[in-house]
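The model shown is predicted, which means the values in this text are computed figures rather than measured ones. When a ligand or atom number is given, it counts from 1 through the structure's own listing order. Hydrogens, waters and symmetry mates play no part in the numbers below; they use all other heavy atoms, side chains included.
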Amino acid sequence: MARVFITGCADGLGKMAAQLLGEQGHMVVLHARSEKRAKEALAAVPTSKTVVTGDLSSIRQTRHVADQVNGLGRLDAVIHNAGVGYKQPERIATEDGLPREFAVNTLAPYILTALIHRPKRLIYLSSGLHQSGDPTLKDLAWEHRPWRGTQAYSDSKLHDVLLAFAVARRWPAVLSNAVEPGWVATKMGGPAATDDLDSGHRTQAWLAVGEDRAAKVTGEYFYHMRRRKPHPAARDVEIQERLLEACKGFTGIELA
Ligand SMILES: NC(=O)c1ccc[n+]([C@@H]2O[C@H](COP(=O)([O-])OP(=O)(O)OC[C@H]3O[C@@H](n4cnc5c(N)ncnc54)[C@H](OP(=O)(O)O)[C@@H]3O)[C@@H](O)[C@H]2O)c1
């Protein structure tokens with residue numbers, strides 16, 4: 001039995017992955033943005049008894065999520081699943097003055113990776129849209145360029161792959177991978193999504209606990225339990241390091 005922490009379990013792929021892992025007999029620590037959503041997550045995943053709360057758009061609350069998780073003891077795997085979507089028509093500033101996509105999709109996984117006691121495996125939810133992400137990492141906070149919601153999302157999903165690969169390189173004892181779940185009909189994906197919903201959550205769950213050789217790799221990008229080629233910039237060590245440095249600048253937290 002593995003102990004797995006998943007962010008964003010009140011809905012979508014996080015909830016489905018938590019249900020699947022629970023049914024397989026693993027212990028899943030849930031996460032939700034608020035007390036209300038935490039109750040809903042517990043009701044949706046009856047095999048789980050533990051939930052931590054915190055809004056991942058807030059640096060302060062994300063730190064608190066890490067504290068809560070560390071108070072529960074060591075984990076085997078962390079799935080950085082929570083995310084916000086790709087069609088936001090305007091720049092919504094968080095309490096830290098950052099665009100919500102960058103805060104939730106990029107900084108939150110960075111902060112949680114840096115602060116949660118190192119697990120054996122890390123999984124980062126990316127997207128096929130990461131292929132359109134901006135590898136220059138210019139203006140991460142969208143202060144100087146006109147807002148484009150889909151670009152902000154794509155950038156953040158490239159950041160998730162960069163983060164997964166940076167961690168794989170820096171922490172060789174940890175298996176760290178990124179996942180593209182496909183375009184699936186969750187709250188984020190919307191009803192027009194064309195990919196198979198039932199395949200969307202399986203890869204993240206498999207990478208968290210799978211014992212077959214294919215699941216026990218590191219620094220890879222997966223789609224439906226198979227390796228797929230990520231954006232070439234994701235393997236660029238200099239870009240990876242620049243992203244880590246930028247995240248440290250925004251949060252004051254160092255990834256050791
Ligand atoms: N669906 C797709 O087609 C698709 C495609 C490519 C990649 N992905 C990626 O897959 C992951 C899961 O997406 P999904 O489709 O399952 O989306 P979803 O149905 O919208 O669920 C997202 C989850 O993240 C949580 N969340 C969002 N913002 C949060 C915040 N500020 N603080 C705490 N929790 C927050 C949500 O909580 P609430 O329910 O309370 O809002 C929800 O539990 C994301 O990283 C996404 O980028 C999805």
Plane angle bin for Tyr153 and Tyr86 - parallel if under 30°, tilted between 30 and 60°, otherwise perpendicular: tilted
Plane angle bin for His31 and Phe5 - parallel if under 30°, tilted between 30 and 60°, otherwise perpendicular: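 Because their plane-to-plane angle is over 60°, the rings of Phe5 and His31 count as perpendicular.
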Side-chain (Arg74) to main-chain (Arg118) donor-acceptor, under 3.5 angstrom: yes
Any donor-acceptor pair under 3.5 Å from Gln68 side chain to Thr53 backbone: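 Yes; at least one donor-acceptor contact below 3.5 Å.
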Relative to the heavy atoms of [X], which atoms of ligand 1 are at a distance of less than 4.0 Å?
X: Val84; answer: 27 (C), 28 (N)
X: Ala10; answer: 43 (O)
X: Gly54; answer: 32 (N), 33 (C)
X: Gly12; answer: 16 (O), 19 (O)
X: Arg37; answer: 38 (P), 39 (O), 40 (O)
X: Trp183; answer: 3 (O)

Short side-chain donor-acceptor distance under 3.5 Å, Gln204 and Asn81: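 A pair is found: one side chain offers a donor N or O, the other an acceptor, under 3.5 Å apart.
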Exercise: do Glu180 and Ser127 side chains pair donor with acceptor under 3.5 Å: no
Sequence neighbours excluded, every pair satisfying salt bridge (Lys or Arg N to Asp or Glu O under 4.0 Å) that has a member inside residues 18-36: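 Every pair satisfying salt bridge (Lys or Arg N to Asp or Glu O under 4.0 Å) with a residue in residues 18-36: Lys36-Glu40.
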Qualifying salt bridge (Lys or Arg N to Asp or Glu O under 4.0 Å) pairs with a residue from residues 188-205, counting only residues at least two apart or across chains: Asp198-Arg202
[atom] [closest protein heavy-atom partner, distance rounded to 0.1 Å]:
atom: atom 47 (O) of ligand 1; result: Tyr153 OH, 2.6 Å
atom: atom 35 (C) of ligand 1; result: Arg33 NH2, 3.8 Å
atom: atom 31 (N) of ligand 1; result: Asp55 OD1, 2.8 Å
atom: atom 13 (O) of ligand 1; result: Met188 CE, 4.1 Å
atom: atom 32 (N) of ligand 1; result: Leu56 N, 2.9 Å
atom: atom 15 (O) of ligand 1; result: Thr186 OG1, 2.5 Å

Nearest-option assignment for [atom], heavy atoms, candidates [options]:
atom: atom 44 (C) of ligand 1; options: Asn81, Leu125, Asp11; result: Asn81
atom: atom 27 (C) of ligand 1; options: Ala82, Gly83, Gly128; result: Gly83
atom: atom 9 (C) of ligand 1; options: Ser156, Ala17, Ser34, Ser126; result: Ser126
atom: atom 5 (C) of ligand 1; options: Ala32, Gly189, Gly182, Ala193; result: Gly182
atom: atom 8 (N) of ligand 1; options: Pro181, Gly190, Ser127, Gly85; result: Pro181

Trace of the salt bridge (charged side-chain N to carboxylate O under 4.0 Å, His left out) decision for Glu220 with Arg235: CA-CA 10 Å; Glu220 295 295 343; Arg235 300 218 176 272; 3.5 Å; yes
Taking distance alone, with no angle check, do [X] and ligand 1 share an N/O pair under 3.5 Å?
X: Gly8; answer: yes
X: His31; answer: no
X: Val184; answer: yes
X: Lys187; answer: yes
X: Leu13; answer: yes

Flag the pair [X] and [Y] as a salt bridge only when some basic side-chain nitrogen lies within less than 4.0 angstrom of an acidic carboxylate oxygen.
X: Glu211; Y: Arg121; value: yes
X: Lys187; Y: Asp11; value: yes
X: Arg170; Y: Glu241; value: yes

Test item, Lys157 contacting ligand 1 (heavy atom, 4.0 angstrom): yes
NZ or CZ of Arg145 within 45° of Trp147 ring axis and under 6.0 Å: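 Output no; distance or angle outside limits.
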Phe222 six-ring face occupied by Arg228 cation (under 6.0 Å, within 45°): no
